[in-house]
Amino acid sequence: SLTMSGVIVDKRTNANYGDKLICIPSSGIHSNGLTWIRKLFSEPPDWATTPTRLYDDIVGKNLPINAAMHITGGAFGKINNILPDFSTAYFHEWDIPQCFVDIYEKWKEVDGEHSDKMMYKTFNMGVGMVLSVSPEHADDVAKAVGGFICGEIYGSANSPTHRYGRRVVIESKLTKTKIEIS
């Protein structure tokens with residue numbers, strides 16, 4: 001696993017209740033959902049071949065990051081892996097790039113049952129990495145990594161918020177609803 005400022009990435013115990021979530025924009029779809037892209041589009045659009053940003057420029061900046069998770073191979077469902085027990089990562093909606101709107105519209109044409117929840121479980125929706133940072137450092141870290149504050153972690157070890165202990169809730173711009181990713 002990757003180490004950032006002495007913090008091991010992809011380890012559940014690093015994020016804290018009350019942390020702010022910082023989204024770092026992706027360079028495109030990365031490797032998310034390529035099987036679907038091939039099924040939906042007869043010719044791969046130009047945006048489907050944009051190289052994946054690796055975010056190695058964040059390592060070595062010595063920033064006060066509590067936890068980090070890349071949004072690939074499981075998309076936003078992976079955030080559960082860095083959350084403390086009995087917590088909710090609540091993401092406010094950000095402006096998603098047009099390529100994801102195009103994928104959503106095409107997917108609806110092919111599969112009428114398709115939902116925005118599947119989009120957030122399959123694609124990065126314009127976010128390549130999510131950082132968990134103490135509130136007092138959030139603005140400075142967001143600026144240093146070229147990201148933006150996109151949410152926070154709610155909950156308490158003393159008051160379970162739901163049955164399974166950890167969840168991700170996103171305000172979806174696609175349908176203007178709140179969705180839960182497990």
Side-chain angles (χ1 to χ4, degrees), residues 2 4-5 7 9-12 14-33 47 50 52-59 61 63-84 86-101 103-104 115-156 161-162 166-182:
L2 175 68
M4 303 177 88
S5 306
V7 176
V9 179
D10 293 346
K11 185 129 171 111
R12 177 177 299 141
N14 294 330
N16 298 304
Y17 305 113
D19 276 2
K20 294 294 183 183
L21 298 169
I22 297 172
C23 290
I24 303 173
S26 68
S27 57
I29 65 169
H30 290 184
S31 58
N32 296 319
W47 48 256
T50 303
T52 298
R53 179 178 172 197
L54 299 178
Y55 307 98
D56 57 344
D57 56 328
I58 296 170
V59 177
K61 284 191 177 185
L63 298 169
I65 297 168
N66 295 332
M69 180 59 70
H70 56 88
I71 306 301
T72 58
F76 286 86
K78 294 179 70 174
I79 297 299
N80 281 314
N81 293 330
I82 63 169
L83 294 177
F86 306 113
S87 67
T88 298
Y90 184 74
F91 287 88
H92 310 225
E93 187 54 50
W94 54 93
D95 290 332
I96 57 174
Q98 185 62 43
C99 65
F100 297 104
V101 176
I103 294 167
Y104 178 70
S115 69
D116 57 337
K117 183 175 181 175
M118 286 303 299
M119 289 292 295
Y120 286 91
K121 287 180 80 169
T122 306
F123 296 99
N124 67 43
M125 304 302 282
V127 174
M129 182 172 272
V130 175
L131 308 177
S132 177
V133 177
S134 299
E136 65 270 17
H137 300 297
D139 288 328
D140 291 336
V141 170
K143 185 177 179 179
V145 300
F148 54 93
I149 297 172
C150 57
E152 50 273 329
I153 299 174
Y154 294 109
S156 164
T161 56
H162 46 84
R166 291 177 290 284
R167 68 182 186 157
V168 175
V169 176
I170 300 172
E171 289 183 21
S172 171
K173 190 166 190 169
L174 294 169
T175 60
K176 310 290 188 232
T177 59
K178 289 182 184 173
I179 58 173
E180 184 172 336
I181 308 291
S182 50

> Kindly indicate whether the side chain of Thr50, heavy atoms from C-beta on, has any atom under 4.5 Å from the side chain of Ile29.
no
> Is there a donor-acceptor contact under 3.5 Å from the side chain of Lys121 to the main chain of Ala75?
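Between the backbone of Ala75 and the side chain of Lys121 there is no qualifying donor-acceptor contact (under 3.5 Å).
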> In this structure, which one of Ile22, Ile58, Asp19 forms a side-chain contact (heavy atoms from CB on, under 4.5 Å) with Ile65?
Ile58
> Quick one: do the His70 and Lys78 side chains pair a donor with an acceptor below 3.5 Å?
yes
> Taking Thr88 for its side chain and Tyr90 for its backbone only, find out whether a donor-acceptor pair lies under 3.5 Å.
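Checked: no pair found.
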> If you define the side chain from C-beta out and look only at heavy atoms, does anything of Pro97 sit under 4.5 Å from Trp47?
no
> Do Phe100 and Leu174 have side chains that approach each other closer than 4.5 Å (heavy atoms only, starting at C-beta)?
no
> To the nearest 0.5 angstrom, please state how far the CZ atom of Phe86 sits from the CZ atom of Arg166.
8.5 Å
> Determine the sole option in Ile71, Ile181, Ile153 for which the side-chain contact (heavy atoms from CB on, under 4.5 Å) test with Ile79 is passed.
Ile71
> Which atom names give the shortest non-hydrogen contact between Ala15 and Ser132, and what distance separates them?
CB-OG, 3.4 Å
> Backbone N or O of Ala144 within a donor-acceptor pair of the Lys61 side chain at under 3.5 Å?
yes
> When you measure from the side chain of Trp94 to the backbone N and O of Met125, does any donor-acceptor pair fall under 3.5 Å?
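Yes, because the side chain of Trp94 sits within donor-acceptor range (under 3.5 Å) of the backbone of Met125.
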